[in-house]
Protein chains: 2
Amino acid sequence: MKKNQTFGTSNKSARRPSGATAGREATRLAKEQKILQAAEEVFAEVGFAGATTSAIACKAGLPKANVHYYFRTKEDLIHAVLENILTLWLDSADVIVETADPAEALSSYIRSKIEYSRDRPNASKVFASEILHGAPYLEGFLRNQLKDRVDFKTGVIKKWIERGLMDPVPPEHLFFLIWSATQTYADFDCQVAAVLGRRKKPKPEDFDQAAEFITNIVLKGCGIKSGK
Amino acid sequence: MKKNQTFGTSNKSARRPSGATAGREATRLAKEQKILQAAEEVFAEVGFAGATTSAIACKAGLPKANVHYYFRTKEDLIHAVLENILTLWLDSADVIVETADPAEALSSYIRSKIEYSRDRPNASKVFASEILHGAPYLEGFLRNQLKDRVDFKTGVIKKWIERGLMDPVPPEHLFFLIWSATQTYADFDCQVAAVLGRRKKPKPEDFDQAAEFITNIVLKGCGIKSGK
DNA sequence: GTCTATAGCGCGATAGAC
DNA sequence: GTCTATCGCGCTATAGAC
């Protein structure tokens with residue numbers, strides 16, 4: 001049972017030697033995607049330990065053994081799900097560069113994080129659940145890829161501060177606030193729904209209001225001039 | 001939560017007639033507390049489904065059957081843990097009343113939420129994990145006790161807004177932001193630690209800096225005059 | 001490549017000795 | 001009240017027929 005491995009090493013499409021036709025390849029990929037999507041839902045609903053491969057197979061419309069054929073173990077499966085998520089996640093944050101206008105960059109970042117919570121709540125929940133429970137598998141990701149990205153972005157914030165574009169806030173904590181404030185609309189959606197008096201999930205306009213509110217409070221709270 | 005096969009609402013200290021059993025009573029309560037504490041740790045580490053009663057018993061220093069004697073099922077046990085947590089939680093937020101100074105009340109609230117994250121991270125994690133996974137058991141709590149409290153507090157915020165003490169922000173979303181921004185230092189502590197370059201857990205001064213930053217951004221972001 | 005049938009194990013819960 | 005010993009279930013994972 002190996003834990004602390006790093007990302008980016010396993011490329012699936014390169015490893016099948018047989019003379020498979022393009023059609024079979026497509027079928028295989030389609031099934032893999034079906035399984036991954038079902039797995040994301042099930043892991044989000046009941047967590048890693050609570051998830052059963054048979055529930056995942058059922059939701060994907062396949063027999064259980066098929067799941068184990070494509071992803072040998074349950075651990076392999078959640079790793080694949082997380083890899084999917086993290087790739088999306090990291091790519092969504094490239095608006096924060098030194099030459100950008102701070103108000104526009106942060107607004108855009110917050111807006112896209114909220115949209116992410118609205119459109120892919122399960123992805124957010126799977127990630128949250130793993131982090132919550134100490135996520136030995138994610139340790140490497142957090143301390144390498146994520147830390148590097150954040151170090152770069154905190155550098156941008158510091159430049160903005162030096163140039164007098166915003167107040168001297170601790171940049172890491174600013175990111176913690178933006179991440180948590182936006183992700184809570186996915187991770188804790190049932191709490192949000194309960195407090196707002198929604199039946200089951202928050203409504204689309206709740207997400208809009210959230211984006212507007214978080215943007216306002218961050219911009220004004222950091223002393224950033226709105227717009228340009 | 002029921003203890004014995006005896007039915008009904010058994011209050012612990014009220015139902016034993018003889019004073020001679022006080023020593024036994026104390027032993028029983030001590031063991032219950034031991035189990036609850038161990039359960040909180042284990043649930044926080046691996047979630048409800050991942051937790052095993054034998055792991056809890058082991059951490060509490062008791063045989064497994066003893067755990068089942070005090071708390072018949074694993075579900076009874078997590079309900080007891082959550083009840084413990086929720087009581088603490090709700091009581092911590094009574095500083096927000098209309099006659100208070102907004103800056104002082106919100107500062108104090110944020111400070112106590114952060115201290116809570118620092119001192120009882122496991123409690124926060126157990127709650128978060130349940131909410132994350134839809135928490136059917138907590139549905140009632142969220143829609144009744146919590147909603148009532150929040151309705152009352154949003155009323156206070158609205159009064160402050162009417163009196164021109166702060167900007168017109170959507171009060172529910174303000175609470176979502178405060179909750180998420182403070183709880184993230186408990187729930188996602190390993191992410192915070194990784195980004196801040198800490199070895200395992202965030203350091204005490206990280207929590208202090210968090211409290212100061214969140215307070216500043218909330219007060220300034222809501223247009224509240226600091227201090228009085 | 002796919003699926004049925006099952007091995008093998010660890011779990012929650014309990015019976016019953018003390 | 002306490003704990004040992006165990007039962008029965010449901011899980012992950014796989015062997016082996018198609």
Side-chain angles (χ1 to χ4, degrees), chain A residues 1-3 12-13 15-36 38-39 42-43 45-81 137, chain B residues 1-6 10 12 15-18 20-36 38-39 42-43 45-81 137:
Chain A
M1 239 193 250
K2 72 279 134 126
K3 294 275 150 122
K12 286 147 195 169
S13 48
R15 74 166 185 243
R16 304 246 163 178
S18 80
T21 67
R24 275 186 195 265
E25 182 78 1
T27 312
R28 195 177 57 76
L29 283 174
K31 284 198 183 175
E32 268 186 25
Q33 278 309 115
K34 256 287 190 200
I35 294 168
L36 283 173
V42 175
F43 286 135
E45 273 165 31
V46 292
F48 176 75
T52 65
T53 50
S54 91
I56 292 166
C58 183
K59 186 157 270 182
L62 295 167
K64 189 173 66 168
N66 212 316
V67 171
H68 284 282
Y69 173 73
Y70 285 104
F71 302 90
R72 205 173 55 84
T73 68
K74 193 165 80 159
E75 224 172 83
D76 286 351
L77 188 46
I78 199 170
H79 291 175
V81 169
Y137 172 68
Chain B
M1 74 193 175
K2 58 202 163 162
K3 319 270 124 157
N4 286 326
Q5 270 70 6
T6 49
S10 58
K12 295 155 193 167
R15 76 162 185 254
R16 304 248 163 171
S18 156
T21 54
R24 278 178 192 258
E25 182 79 2
T27 311
R28 193 176 58 77
L29 284 173
K31 284 198 182 173
E32 267 186 25
Q33 277 310 114
K34 256 289 189 201
I35 294 168
L36 283 173
V42 175
F43 286 135
E45 271 165 33
V46 290
F48 176 75
T52 65
T53 51
S54 90
I56 292 166
C58 183
K59 186 158 271 182
L62 296 167
K64 187 172 68 164
N66 212 315
V67 171
H68 284 281
Y69 173 73
Y70 284 104
F71 303 90
R72 204 171 56 84
T73 68
K74 193 166 79 158
E75 223 171 85
D76 286 352
L77 188 47
I78 199 170
H79 290 176
V81 170
Y137 171 70

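So that the names make sense, note that chain A is the first sequence line, chain B the second, and so on, each numbered from 1.
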Item checked: Summary of protein contacts for nucleotides 3-18 of chain C, nucleotide by nucleotide, where a base hit scores B, a sugar-phosphate-only hit scores S (4.0 Å, heavy atoms) -> BB------SBBB----
Note to self: For A:Lys31 and A:Arg28: C-alpha separation, side-chain torsions, deciding distance, then whether side chain to side chain contact (heavy atoms under 4.5 Å, CB included) applies.
What the structure shows: CA-CA 5 Å; A:Lys31 284 198 183 175; A:Arg28 195 177 57 76; 6.0 Å; no
Next item on the list: Go through the steps to decide whether B:Phe43 and B:Ile56 satisfy the test side chain to side chain contact (heavy atoms under 4.5 Å, CB included), and finish with yes or no.
Entry: CA-CA 9 Å; B:Phe43 286 135; B:Ile56 292 166; 4.2 Å; yes
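When all heavy atoms of A:Asp76 and A:Thr73 are compared, the closest pair comes out as N-OG1, 3.0 Å.
In this structure the side chain of B:Glu32 never reaches within 4.5 angstrom of the side chain of B:Ile35, judged on heavy atoms. Using a 4.5 Å heavy-atom threshold, the side chains of A:Phe71 and A:Thr53 count as separate.
If you take OH on B:Tyr137 and CD1 on B:Ile78, they are separated by 9.5 Å, rounding to the nearest 0.5 Å.
Listed for the A:Lys74 side chain is a donor-acceptor partner under 3.5 Å among the backbone atoms of A:Phe48.
Computed from coordinates, the A:Arg28 CZ to C:dG1 C1' distance equals 11 Å when rounded to whole Å.
Each end of the helix from C:dG1-D:dC18 to C:dC18-D:dG1 gets its own rotation axis from five pairs of C1' atoms, and the angle between them is 10° to the nearest 10 degrees.
Pairs of residues two or more places apart, or lying in two chains, that qualify as salt bridge (Lys or Arg N to Asp or Glu O under 4.0 Å) and include a residue from residues 59-71 of chain B are B:Glu41-B:Lys59, B:Glu45-B:Lys59.
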